[in-house]
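Small disclaimer: the values here were computed from a predicted structure and weren't measured. So you know, we letter chains A, B, ... as the sequences are listed, proteins then strands, and number each from 1. Any value given below was found using the heavy atoms of this structure, including those in side chains, with hydrogens, waters and symmetry copies removed.
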2 protein chains.
Amino acid sequence: MSNNQFKKSELYSFITGKASTAIARRLQKNFKQAGLDITIEQWSVLYHLWKEDGISQQQLCESTFRDKPSITRLVDNLEKLKMVKRVPSKDDRRINMIYLTPEAQNLQEQSMQLANQTLNEALVGVTHGQIEIAKEVLQQVYENLK
Amino acid sequence: MSNNQFKKSELYSFITGKASTAIARRLQKNFKQAGLDITIEQWSVLYHLWKEDGISQQQLCESTFRDKPSITRLVDNLEKLKMVKRVPSKDDRRINMIYLTPEAQNLQEQSMQLANQTLNEALVGVTHGQIEIAKEVLQQVYENLK
DNA sequence: TCTTTATGGTTGCATAAACAACTATATGTC
DNA sequence: GACATATAGTTGTTTATGCAACCATAAAGA
């Protein structure tokens, strides 16, 4: 039942997120090297819009696990970069629907390829089975705390 | 040999670090609730000083996986909070040795207890064996990219 | 309908990160 | 010893986060 007893040391890098920080830095570096001038946080917003275009800021909050002010400002910056457009909803005037511009649509293929490449770099020497378990653990942690 | 073929979807939350973000938020919340007024980033610096007091900023960069400007400013803020003190090295005048104040020494027990509690909250329903594998994966990712 | 409450989004403020450029001191080489 | 190079730390700028407070609109309840 309880995890109370096991050894915690070395587990604190979990908290500081060294692994995901390292992945994020590498992805950013790979973007830059390819001449892609967006931040990974902006990319994470585009990623969800590529899956479904025209969703509200609130939906972006949930799918990117960010709070409302963060999304407001990421959308601000993406709008400045002419990557997305805010379109007021006709049904509910509180809602902004966020749409990709053609320019952002063009980034999908290249950036996803760079993301895949980055994951491959990250996972050298890790087996498929280990990855599956790590995914399960991280998913469970997220479910426990969200 | 190659991880090229396996399914990448759902793995992108690895990049965005949803799990470690969730842990960090919960730890911050637990600190706050206990009346501990430090950020988790400041805590991560103190954590390494509790393990070894009187190390240089450069050593803190390496152990916390942060760059030099980040450590400069974290130490700035910790100094304002009277948690640490910069002491110029006599051997090498480029170096600041960072020492805990008694006040910071007193925080160790309580904050580590809160960190353990947070990990327990995070790992509910996860087995010891799964945790070991997740640790190995994250460690390998870090080694691959650092 | 009028009032309360909930929801979607924005703004202000403090902290932190990434990157580049910089200063000061040490080390290595001729 | 003089000059080049490396190392330790700081500063400036842009972007992002977390939290609280706020505004506008919608939905629910009396």
Side-chain angles (χ1 to χ4, degrees), chain A residues 15-18 20-33 37-45 55-81 83-84 86-98 145-146, chain B residues 15-18 20-33 37-45 55-62 64-81 83-84 86-98 145:
Chain A
I15 291 177
T16 52
K18 274 163 81 164
S20 54
T21 300
I23 295 180
R25 283 185 196 163
R26 177 64 63 92
L27 180 61
Q28 186 71 74
K29 190 177 142 195
N30 287 342
F31 276 2
K32 192 173 187 179
Q33 224 157 30
D37 252 354
I38 54 172
T39 67
I40 51 160
E41 292 85 359
Q42 291 164 359
W43 174 80
S44 80
V45 171
I55 59 180
S56 71
Q57 294 189 200
Q58 186 56 46
Q59 284 174 286
L60 282 172
C61 289
E62 284 146 26
S63 40
T64 64
F65 195 46
R66 291 183 165 83
D67 68 357
K68 294 190 291 173
S70 292
I71 291 299
T72 291
R73 278 142 182 161
L74 282 172
V75 171
D76 285 350
N77 287 338
L78 283 167
E79 225 174 9
K80 278 183 211 154
L81 292 170
M83 295 289 182
V84 304
R86 283 181 168 95
V87 178
S89 164
K90 285 166 189 164
D91 302 337
D92 185 334
R93 294 197 302 168
R94 294 170 301 182
I95 296 179
N96 291 333
M97 304 298 276
I98 310 300
L145 301 181
K146 74 178 178 193
Chain B
I15 292 178
T16 51
K18 275 164 80 163
S20 54
T21 300
I23 294 180
R25 284 184 197 163
R26 178 63 63 93
L27 179 60
Q28 186 69 74
K29 189 178 143 196
N30 287 343
F31 276 2
K32 192 173 186 178
Q33 223 157 31
D37 252 353
I38 55 172
T39 68
I40 51 159
E41 293 85 359
Q42 291 165 358
W43 174 81
S44 80
V45 171
I55 59 179
S56 71
Q57 294 188 199
Q58 185 57 46
Q59 285 173 286
L60 282 173
C61 289
E62 284 146 26
T64 64
F65 197 45
R66 290 182 164 85
D67 70 357
K68 293 190 292 174
S70 293
I71 291 299
T72 291
R73 278 142 181 161
L74 282 172
V75 171
D76 284 350
N77 286 339
L78 283 167
E79 225 174 10
K80 276 183 213 155
L81 292 169
M83 295 289 183
V84 304
R86 282 181 169 93
V87 178
S89 163
K90 285 166 190 164
D91 302 336
D92 186 335
R93 293 198 302 168
R94 295 170 302 181
I95 296 178
N96 291 333
M97 305 298 276
I98 310 301
L145 300 182

Please state how far atom [atom1] in [X] lies from atom [atom2] in [N], giving the value in whole angstrom units.
| X | N | atom1 | atom2 | result |
| --- | --- | --- | --- | --- |
| A:D91 | D:dA27 | CG | C1' | 15 Å |
| B:Q28 | D:dT17 | CD | C1' | 11 Å |
| A:K90 | D:dT25 | NZ | P | 18 Å |
| A:E41 | D:dG18 | CD | P | 11 Å |

Residues that [X] engages under side-chain hydrogen bond (donor to acceptor under 3.5 Å, both in side chains), provided they are two or more places apart:
| X | answer |
| --- | --- |
| B:T39 | B:E41 |
| B:S70 | B:D67 |
| B:R25 | none |
| B:S44 | B:R66 |

Contacts of type side chain to side chain contact (heavy atoms under 4.5 Å, CB included), residue [X], not counting sequence neighbours:
| X | answer |
| --- | --- |
| B:K32 | none |
| A:Q59 | A:I55, A:S56 |
| A:Q57 | A:I71, A:T72, A:V75, A:R86, A:N96, A:I98 |

Below 3.5 Å between N/O atoms, which protein atoms pair up with nucleotides 6-10 of chain D? Just atom names and distances, please.
from: D:dT7; atom 1: O2; to: B:R94; atom 2: NH1; distance (Å): 2.9
from: D:dA8; atom 1: N7; to: B:K68; atom 2: NZ; distance (Å): 3.4
from: D:dG9; atom 1: OP1; to: B:Q57; atom 2: N; distance (Å): 3.3
from: D:dG9; atom 1: OP1; to: B:N96; atom 2: N; distance (Å): 2.8
from: D:dG9; atom 1: OP1; to: B:N96; atom 2: O; distance (Å): 3.2
from: D:dG9; atom 1: OP2; to: B:Q58; atom 2: N; distance (Å): 2.5
from: D:dG9; atom 1: O3'; to: B:N96; atom 2: ND2; distance (Å): 3.2
from: D:dG9; atom 1: N7; to: B:K68; atom 2: NZ; distance (Å): 2.6
from: D:dG9; atom 1: O6; to: B:K68; atom 2: NZ; distance (Å): 3.2
from: D:dT10; atom 1: OP1; to: B:R86; atom 2: NE; distance (Å): 3.1
from: D:dT10; atom 1: OP1; to: B:R86; atom 2: NH2; distance (Å): 3.4
from: D:dT10; atom 1: OP2; to: B:Q57; atom 2: OE1; distance (Å): 3.2
from: D:dT10; atom 1: OP2; to: B:Q57; atom 2: NE2; distance (Å): 2.7
from: D:dT10; atom 1: OP2; to: B:T72; atom 2: OG1; distance (Å): 2.8
from: D:dT10; atom 1: OP2; to: B:R86; atom 2: NH2; distance (Å): 3.4

Inset, instruction - Give a yes/no answer on whether the side chain of A:Q42 brings an N or O atom under 4.0 Å of OP1 or OP2 in D:dA16. - result: yes
Legend entry - Side-chain heavy-atom pair A:K18, A:T21 within 4.5 angstrom cut-off: no
Inset, instruction - Check every strand shown and say whether B:K32 touches a base, only sugar-phosphate, or nothing at a heavy-atom separation below 4.0 Å. - result: sugar-phosphate
Inset, instruction - Using the heavy-atom set of chain A and a strict 4.0 Å cut-off, write down the first and last nucleotide of DNA chain C that makes it in, 5' to 3'. - result: C:dA6 to C:dA20
Legend entry - 5'-most by nearest nucleotide on DNA chain D - B:K29 or A:I40: A:I40
